[in-house]
2 protein chains.
Amino acid sequence: MDEALPRQTEPAPQKGTVTQRAIEQIKAMIGEGRLEPGARLPTERELAVQLGISRSSMREAIRALTVLGVLEARHGSGIYVTQLEAGDLLETFGVVADLSRGPQLVELLEVRRILESTATALAAARITPGELAEVEKHLAAMHATDDPEEILSHDLAFHRAIVAAAGNDTMAAILEGLSSRTFRARVWRGYQEEGAFARTRREHAAIHRALVAHDPEAARAAAAAHVGEVEEWLRTQLRQ
Amino acid sequence: MDEALPRQTEPAPQKGTVTQRAIEQIKAMIGEGRLEPGARLPTERELAVQLGISRSSMREAIRALTVLGVLEARHGSGIYVTQLEAGDLLETFGVVADLSRGPQLVELLEVRRILESTATALAAARITPGELAEVEKHLAAMHATDDPEEILSHDLAFHRAIVAAAGNDTMAAILEGLSSRTFRARVWRGYQEEGAFARTRREHAAIHRALVAHDPEAARAAAAAHVGEVEEWLRTQLRQ
DNA sequence: TTGAGCGTAGTGGTCAGACCACTGAGCTGA
DNA sequence: TCAGCTCAGTGGTCTGACCACTACGCTCAA
């Protein structure tokens, strides 16, 4: 059975470019379970013959699915389906954050505020002593240095550890994209230059307190306020 | 200045494949503002010469950025940078929903519950009479037919209209991906077969009431319950 | 018997050049 | 004036060749 409903009497409607069709066909193979996660695909040359297209076009299709995190090409070995986990598929989410500007950055921060506050609330309810120790490690490291690069790095790890404790890998992957290194660097730079370090520390401490107390509502409020501060600052920047 | 820090004394570290490098370079050109949204790029042949690679490799790079929604190729005309709006960049988000299975679907629904409940709450506060009329149109259409396809279609439009009224295009684009047609079709099918139509109608009515009353908290609760029902049903399905 | 080292077949990565399909701007002529 | 045509330029596709790398099996000395 073909993937398209017979909307025409034509046997092969030839819609779109051959590469686009190849992308859809491989996606369909995976979606229908004909290719399991981790499975190895036929060779580029063989796939091209199977779908009746040239190797160049097939390579473009494979490249497309590679950047989407669906396939993984290993030089000299073969092409494999990824595990199709959240991390694989949502890696490209960072591109959005990297290329967004102006009002769109505010919208992204708003999404991050919503997700991160909920994730922090979940974490407060579920976090284990081991996970809490990890969070505290980065909190302490953040206070122990003056190097902005290192602070940013531990800041990221601090939030990442909290989100991981929330137990939803998909949400974690999305937030990872929303907090991607370049995105944070661009916004944080200006924000911290205005002497927001002290405020950031206070907010981090509040989040930490809520986690220790296993108080979801306090955690939600603290996380929302934390991201909201940056969001509001960015709004102000855009107005002027 | 090159994009990479000089971690080696080498002038050109040659990291990764040439195609990957080309992707990064084009992305950098856009990120640095050398290519504005809507701008037209040099021809494939010219770009290939500029970056010192073959046209094949350049085409793969362009294809990759095309599927990511960053570039748009027009046959016979040229290659253009998209408007880099949320819709352009987050179109690929639907791929995640299409290829996710099992526990990951539950995680996706959890993310959707969080975002959609907040979006519905925002909509309740901001919705205009015109937007409300649009919502009601789909609500009525949903009740006026028995065709599952049409019901699903209006169900999607109902939520889309609400989310649009929330005023955050980025969030709307993400939710669009999370509610993509194939995703909904896969989950909804089983859900509705169990006679959930009546419940769905009640929940939609509750959401509508909250919107009319401009009551954000009621709207949030109603939307969360609505998605949560499906989420819980899916959890049950996975257990057995 | 064992294991380090060496081939080698097969795979993805890259390149070059050719032709096709489509677009759009300029020319032509009624 | 403008409908229609022409054609140079652009993306889309194909072919075939070679390079870089991997994995596996073979060899041969310990």
Side-chain angles (χ1 to χ4, degrees), chain A residues 10 12-27 29-30 35-83 88, chain B residues 4 8 10 12-27 29-30 35-83 88:
Chain A
E10 302 286 15
Q14 286 278 106
K15 61 163 185 180
T17 68
V18 297
T19 303
Q20 196 58 43
R21 252 180 298 154
I23 293 174
E24 298 301 332
Q25 291 189 48
I26 295 178
K27 243 172 56 182
M29 283 191 227
I30 297 171
L35 284 173
E36 290 295 315
R40 190 190 139 161
L41 277 70
T43 68
E44 293 179 345
R45 293 161 174 88
E46 201 171 327
L47 271 175
V49 173
Q50 278 184 25
L51 302 191
I53 65 179
S54 72
R55 197 186 155 202
S56 319
S57 302
M58 179 51 72
R59 273 191 61 79
E60 284 188 30
I62 292 169
R63 171 70 63 180
L65 290 169
T66 297
V67 302
L68 290 180
V70 176
L71 298 181
E72 179 190 352
R74 299 184 206 150
H75 192 171
S77 173
I79 304 164
Y80 302 80
V81 181
T82 67
Q83 291 303 316
D88 300 322
Chain B
Q8 301 289 340
E10 301 288 15
Q14 287 278 107
K15 62 162 185 178
T17 67
V18 296
T19 303
Q20 196 57 43
R21 252 180 297 155
I23 293 175
E24 298 301 331
Q25 292 188 48
I26 296 178
K27 243 172 56 181
M29 282 191 226
I30 298 172
L35 284 173
E36 290 294 315
R40 188 190 141 160
L41 277 70
T43 69
E44 293 180 346
R45 295 163 173 86
E46 199 172 328
L47 271 175
V49 173
Q50 280 183 24
L51 302 190
I53 65 179
S54 71
R55 195 186 158 204
S56 316
S57 301
M58 179 52 72
R59 273 191 60 79
E60 284 188 29
I62 292 169
R63 170 70 63 179
L65 291 169
T66 297
V67 301
L68 290 181
V70 175
L71 299 182
E72 180 190 353
R74 297 185 208 152
H75 192 172
S77 173
I79 305 165
Y80 302 80
V81 181
T82 67
Q83 291 304 316
D88 299 323

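Chain letters run A, B, ... following the sequence lines, proteins first, then strands; residues in each count from 1.
- A donor-acceptor pair under 3.5 Å is formed between the side chain of Thr82(A) and the backbone N or O of Gly69(A).
- Side chains of Thr66(B) and Glu72(B) form no contact here, defined as non-hydrogen atoms less than 4.5 Å apart.
- Contact between Thr19(A) and Ala61(A) at its shortest, heavy atoms only, is CG2-N, 3.6 Å.
- In this structure, the CD1 atom of Ile79(B) is 17 Å from the P atom of dG9(D), given to the nearest Å.
- Taking OH of Tyr80(A) as the reference point, atom CZ of Arg40(A) lies at 5.0 Å (rounded to 0.5 Å).
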(request) Take Lys27(B) and Glu24(B), measure what salt bridge (charged side-chain N to carboxylate O under 4.0 Å, His left out) needs, and give me the verdict at the end. (result) CA-CA 5 Å; Lys27(B) 243 172 56 181; Glu24(B) 298 301 331; 3.8 Å; yes

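- Toward the 5′ end of DNA chain D lies the nearest nucleotide of Arg40(B), the other residue of the pair Arg40(B) and Arg63(B) mapping further downstream.
- Between atom CG of residue Leu71(B) and atom CD1 of residue Ile26(B) there is a gap of 6.0 Å, rounded to the nearest 0.5 Å.
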(request) Produce a footprint string for nucleotides 20-25 of chain D: one letter per nucleotide, 5' end first; B if the base is under 4.0 Å from any protein heavy atom, S if only the sugar-phosphate is, - if neither. (result) BBB---

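- Annotation: the span from Leu47(B) atom CG to Ile79(B) atom CD1 amounts to 6.5 Å, rounded to 0.5 Å.
- With a cutoff of under 4.0 Å to any heavy atom of chain B, the contacted region of DNA chain C is bounded 5' to 3' by dG13(C) to dT23(C).
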(message) Run Thr17(B) and Arg63(A) through side chain to side chain contact (heavy atoms under 4.5 Å, CB included) and show every step you take.
(response) CA-CA 12 Å; Thr17(B) 67; Arg63(A) 171 70 63 180; 4.0 Å; yes

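- For the side chain to side chain contact (heavy atoms under 4.5 Å, CB included) criterion with Ile30(B), the lone passing option out of Val81(B), Leu41(B), Leu65(B) is Val81(B).
- Contacts between residues 42-60 of chain A and DNA chain D, defined by a heavy-atom separation below 4.0 Å, involve Arg45(A), Ile53(A), Ser54(A), Arg55(A), Ser56(A), Ser57(A), listed by number.
- Each of Glu46(B), Glu60(B), Glu44(B) was scored for a side chain to side chain donor-acceptor pair (under 3.5 Å) with Arg55(B), with one residue passing: Glu44(B).
- At a threshold of 4.0 angstrom between heavy atoms, the contacts of Ile62(B) with the nucleic acid are absent.
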